[in-house]
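Working notes, beginning with the structure itself.
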Number of protein chains: 2
Amino acid sequence: MGRTPPHPEVSQFDLQQVLEALVDPVRRSIVAQLDASDADIPCGGFDIPVSKSTATHHFNVLREAGLIRQHYVGTSRMNSLRRAEMDEVFPGLLDALTRQPAKKT
Amino acid sequence: MGRTPPHPEVSQFDLQQVLEALVDPVRRSIVAQLDASDADIPCGGFDIPVSKSTATHHFNVLREAGLIRQHYVGTSRMNSLRRAEMDEVFPGLLDALTRQPAKKT
DNA sequence: ACCAAAGTACGACCGATGTCAAACTTCGAC
DNA sequence: GTCGAAGTTTGACATCGGTCGTACTTTGGT
């Protein structure tokens with residue numbers, strides 16, 4: 001299982017797919033945590049309220065949409081945000097979403 | 001039925017709800033058509049590939065998310081984009097989405 | 001008064017998606 | 001080589017959301 005999974009190229013990025021990935025709160029949380037971190041984060045290192053198998057599913061969706069890049073380090077799968085590439089194709093999008101709106105009363 | 005339906009206030013805008021509204025291609029198309037128009041557009045005046053009852057549903061979702069404003073003129077329901085208000089709460093979001101990405105081959 | 005146009009409301013249907021548990025696979029450490 | 005940690009895979013399940021048709025309501029025109 002040490003194979004690197006397939007990542008889409010920038011030229012394949014699709015707005016519909018990216019939005020479908022980002023509409024899920026758990027996945028937006030993952031993106032936000034990556035955006036706030038300066039280092040890569042293993043799948044198990046996120047604060048998300050779902051089981052491991054569900055987490056795997058979310059990471060797959062994010063990777064297939066081009067939002068994250070994954071590579072193995074030992075038995076851990078490390079994740080990083082493809083910020084620059086996303087910004088290149090959909091300028092302003094991640095900015096608008098990670099700029100967490102303070103949920104008022 | 002000439003009553004004006006309820007519209008959320010700017011302070012009630014919710015990112016999750018806005019994203020759920022914008023993730024549907026038909027609704028994004030409605031938003032794009034409104035954004036490209038300088039006048040209000042009646043429900044029947046949009047180029048969308050769905051039945052009237054489905055269209056009503058989409059307009060409701062958009063209105064409840066705060067994306068559009070609706071008011072009656074005779075028997076027609078006119079729609080306008082709440083651009084400025086959206087930009088105020090989620091700066092850059094509509095820009096990122098209406099800047100339609102040219103879908104290459 | 002009557003009729004057509006513009007939407008709405010109500011059900012029904014169905015495909016997609018998020019969720020989990022359980023079994024399995026890999027890799028590193030000892 | 002054995003074991004545990006980290007993820008994946010598979011299958012099942014439930015819910016949700018988009019879709020439509022039909023019946024209904026309201027409004028404006030004749």
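The structure presented is a predicted model; accordingly, all values stated were derived computationally and were not measured. First the proteins, then the strands, lettered A, B, ... as listed; each starts at 1.
- Using a 4.0 Å heavy-atom distance criterion, A/S76 is classed as a sugar-phosphate-only contact.
- Pairs passing the ring-ring contact (aromatic ring centres under 6.0 Å, His included) check and including a residue from residues 31-58 of chain B, sequence neighbours excluded, read B/F46-B/F59.
- Checking B/M78 against A/T75, the closest nucleotide of DNA chain C that is more toward the 5' end is the one next to B/M78.
- The separation between A/E64 atom CD and C/dT17 atom P is 11 Å, rounded to whole Å.
- We find that CD of A/Q16 is positioned 14 Å from P of C/dA16, with the value rounded to whole Å.
- The OH atom of B/Y72 sits 12 Å away from the P atom of D/dG28 (whole-angstrom rounding).
- The CG-P distance, from A/L62 to D/dG7, rounds to 15 Å in whole Å.
- The CG atom of A/L19 sits 14 Å away from the P atom of C/dT17 (whole-angstrom rounding).
- Between the C1' atom of C/dA9 and the CZ atom of B/F59 lies a distance of 17 Å, rounded to the nearest Å.
- For A/S80, the side chain to side chain contact (heavy atoms under 4.5 Å, CB included) partners at least two apart in sequence or on another chain are A/D40, A/R69.
- Atom-to-atom, NE2 of A/H71 to P of D/dA6 comes out at 16 Å; the value is rounded to the nearest Å.
- Side chains of A/L67 and A/L94 form a contact here, defined as non-hydrogen atoms less than 4.5 Å apart.
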What does the list of N/O pairs under 3.5 Å between the protein and nucleotides 16-22 of chain D look like, with a distance for each?
unit_1	atom_1	unit_2	atom_2	d
D/dG18	OP1	B/R27	NH1	3.2
D/dG18	OP1	B/R27	NH2	2.5
D/dG18	OP2	B/H57	NE2	3.0
D/dT19	OP2	B/H58	NE2	2.4
D/dC20	OP2	B/S51	N	2.8
D/dC20	OP2	B/S51	OG	3.2
D/dC20	OP2	B/T54	OG1	3.0
D/dG21	N7	B/S53	OG	3.3
D/dG21	O6	B/S53	OG	2.8

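- Within the hydrophobic cluster formed by Ile, Leu, Val, Met, Phe, Trp and Tyr side chains joined at under 4.5 Å, directly or through other members, B/V73 is accompanied by B/M78.
- Residue pairs meeting the ring-ring contact (aromatic ring centres under 6.0 Å, His included) criterion with at least one member in residues 20-41 of chain A: none, sequence neighbours excluded.
- Every residue two or more places apart in sequence or in another chain that forms a side chain to side chain contact (heavy atoms under 4.5 Å, CB included) with B/P8 is listed here: B/Q12, B/F13, B/R82.
- Look at CG on A/N60: it is 10 Å from C1' on D/dT9, rounded to the nearest Å.
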